[in-house]
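I have placed the structure first, in the form of structure tokens, so that the comments after it can refer back to it.
Protein chains get the first letters and strands the later ones, always in sequence-line order, with residue 1 at the start of each. These numbers come from a predicted model, not from an experiment. What's counted below: heavy atoms across the whole structure, side chains too, no hydrogens, waters or symmetry copies.
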Protein chains: 2
Amino acid sequence: MSTTEIQVANPPFPTDFDLSNYLKTNQTQVEAALANSLPVVYPETIYESMRYSLLAGGKRLRPILCLATCEMMGGTIEMAMPTACALEMIHTMSLIHDDLPAMDNDDYRRGKLTNHKVYGDDIAILAGDGLLAYAFEYIARATLNVPPQQILQAIAHLARAVGAAGLVGGQVVDLQSEGKSDVTVETLSYIHNHKTGALLEACVVCGAILAGATEEQIGKLSRYAQNIGLSFQIIDDILDITATQAELGKTAGKDLQAQKVTYPSLWGLEASKIQAQELIAAAKAELAPFGTAAIPLLALADYITNRDR
Amino acid sequence: MSTTEIQVANPPFPTDFDLSNYLKTNQTQVEAALANSLPVVYPETIYESMRYSLLAGGKRLRPILCLATCEMMGGTIEMAMPTACALEMIHTMSLIHDDLPAMDNDDYRRGKLTNHKVYGDDIAILAGDGLLAYAFEYIARATLNVPPQQILQAIAHLARAVGAAGLVGGQVVDLQSEGKSDVTVETLSYIHNHKTGALLEACVVCGAILAGATEEQIGKLSRYAQNIGLSFQIIDDILDITATQAELGKTAGKDLQAQKVTYPSLWGLEASKIQAQELIAAAKAELAPFGTAAIPLLALADYITNRDR
């Protein structure tokens, strides 16, 4: 993808780390765990609706970030898997509600009809509510071999990342900024730090909490994730302009059509790419103290900002 | 209210228990805790929207059931207050989403405009999401002097009561049954046991869990609550027919207009009243082992089924 060549030269990790294989292995595990997490029982419609969106594919970057961080901090995949699944449930909930006619009114998502187009607005609202509630139930019930205090801390952090102090707050400011041509960089950053950044940060921080990381370690990881989150969003804005509908599987150029203020519209395309690069570099710098254990997170930082999703 | 004279004769508790004072004291405490639980910060709109519905009054029966059960089992009001507030946040979320045009399309609730009529459908959806997420954050963060394992157990139980296995599932079956004249008693009971009963049960069971109740005690309390929940709903159906719009503060007779199957429509008004009475008696019977400590819950059983809300 020549339009989004955003890479840091000479990545500081050995070339024998196979990111592609790492992603594939983790994605397979996450897909299996997600499929198992939510069996279909009566009333089937709601479970089918929840599974329709939850199992609609995607790179599963959020669960993988959570698992990778937990492992880096000395925990196991098993300790973090219920939380990793919960993160994807919450991400899915936010997409289902975001796509509703009362919100962004999107008909397609990842090349498939959106939840409400298949099941109706009422079931889509309830499927989102069901996924949000189940995310917390699943963490509380299915997490094993982690001290209860750490599970509670992860729940509190994740819940905050979803609510009015996080994702929901970001969406509100996004809605309020629509159609306005005088949106400042501060407001745009608020939107993205909350709408996208807060959940990505929660992926990393919850993984660290479950593994028993210290406050100082969590601080570094939080900054890593925030920087990744913002660059992720800048790339998303860039992709929205440059990618074609076929490549994205959703209506491309939608932000432009809606005359939405974006980083490229404020800074220009080239400056946005440079800013994204600087944020990746800052993110990676936070991982220095973790040594070679940070290799997967370093590689993920590059991958996320070079993705073709 | 002569139309809803559903009382059990000779209540088995001393007449010196002043339920009216008990409710007043607890309601005042709950109102104060709710008002403090959710300060308004940027972006103000979402917090105002959440508070608009959360602080819209009501008898606060759910929080009071939680506090009463925690106290009966030897816990304190303070141990259960964050969960009591969370229960009201979740109840409020369900009302906000239920009132949306895509769902029941109600313009009024407790005599006030519904959330989406004031803030718009988009903010109302997000306010519900925000309240649901915050409920879990608040329990996890604000609960003090309770072993973490018990807090986790309460979160898991409450989350299940809200999701597809509880409230959400009940709403789905309710939606699917609308306009159908051949709804069975089994389906109607499923709807109410999940749409209303599950959260009432969670109020009581979470209060008991936080106080460290045994599995056997929780079983009795769960059955108490389930019976109360069902009778509560039968009374609601009866009230829908008999009350006037002014008394309820919402569009009365709506079920009839919508040709909804209800207990009175299946059993008739008198048989429904008798069934409600029997459920109250069964609920109270579960409390026998708790002796005089059960006085508030016994009184609440009568109160809930004799309410004029």
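The contact between Leu175(B) and chain A is made entirely by side chain atoms (from C-beta outward), counting heavy-atom distances below 4.5 Å. For a residue to count as touching a neighbouring chain, one of its non-hydrogen atoms must lie under 4.5 Å from one of that chain's; by this rule His194(A) does not touch chain B. For Ala127(A), no part lies under 4.5 angstrom from a heavy atom of chain B. Within the 4.5 angstrom heavy-atom criterion, atoms from both the backbone and the side chain of Tyr42(B) approach chain A. Neither the backbone nor the side chain of Ile139(B) comes within contact range of chain A; no heavy atoms are under 4.5 Å apart. Interface remark: Gln176(A) contributes side-chain atoms only to the contact with chain B (heavy atom separation under 4.5 Å). Neither the backbone nor the side chain of Leu131(A) comes within contact range of chain B; no heavy atom of the residue lies under 4.5 Å from a heavy atom of that chain. Using a 4.5 Å cut-off between heavy atoms, Ala165(B) touches chain A through backbone and side chain atoms alike.
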Stepwise, does the side chain to side chain contact (heavy atoms under 4.5 Å, CB included) test hold for Glu137(B) with His157(A)? CA-CA 7 Å; Glu137(B) 181 189 348; His157(A) 195 93; over 6 Å; no

The test is side chain to side chain contact (heavy atoms under 4.5 Å, CB included); show your working for His97(B) and His97(A) and say whether it passes. CA-CA 12 Å; His97(B) 283 186; His97(A) 282 185; 4.1 Å; yes

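Within the 4.5 Å cutoff, the side chain of Ile155(A) has heavy atoms near those of the Leu152(B) side chain. Contact check for Leu126(B) versus Met103(A): side-chain heavy atoms found under the 4.5 Å cut-off.
Rounded to the nearest 0.5 angstrom, Asp98(B) CG and Asp122(A) CG are separated by 10.5 Å. Atom CG of Leu158(B) is separated from atom CZ of Phe136(A) by 11.0 Å, given to the nearest 0.5 angstrom.
Chain A forms more heavy-atom pairs under 4.5 Å with one residue of Ile123(B), Asp121(B), Asp129(B) than with any other, namely Asp129(B). Among Ala164(A), Gly128(A), Gly163(A), Ala140(A), the residue making the largest number of heavy-atom pairs under 4.5 Å with chain B is Ala164(A). Most heavy-atom pairs under 4.5 Å with chain B, from the set Gly170(A), Gly130(A), Pro101(A), Ala102(A): that is Ala102(A). Counting heavy-atom pairs closer than 4.5 Å to chain A, the top-ranked of the candidates Leu167(B), Ile125(B), Val162(B) is Ile125(B). Chosen from His116(A), Met50(A), Gln149(A), the residue pairing most often with chain B at heavy-atom distances under 4.5 Å is Gln149(A).
Exactly one residue among Thr187(B), Val172(B), Val168(B), Asp174(B) makes a side-chain contact (heavy atoms from CB on, under 4.5 Å) with Pro43(A). That residue is Val172(B).
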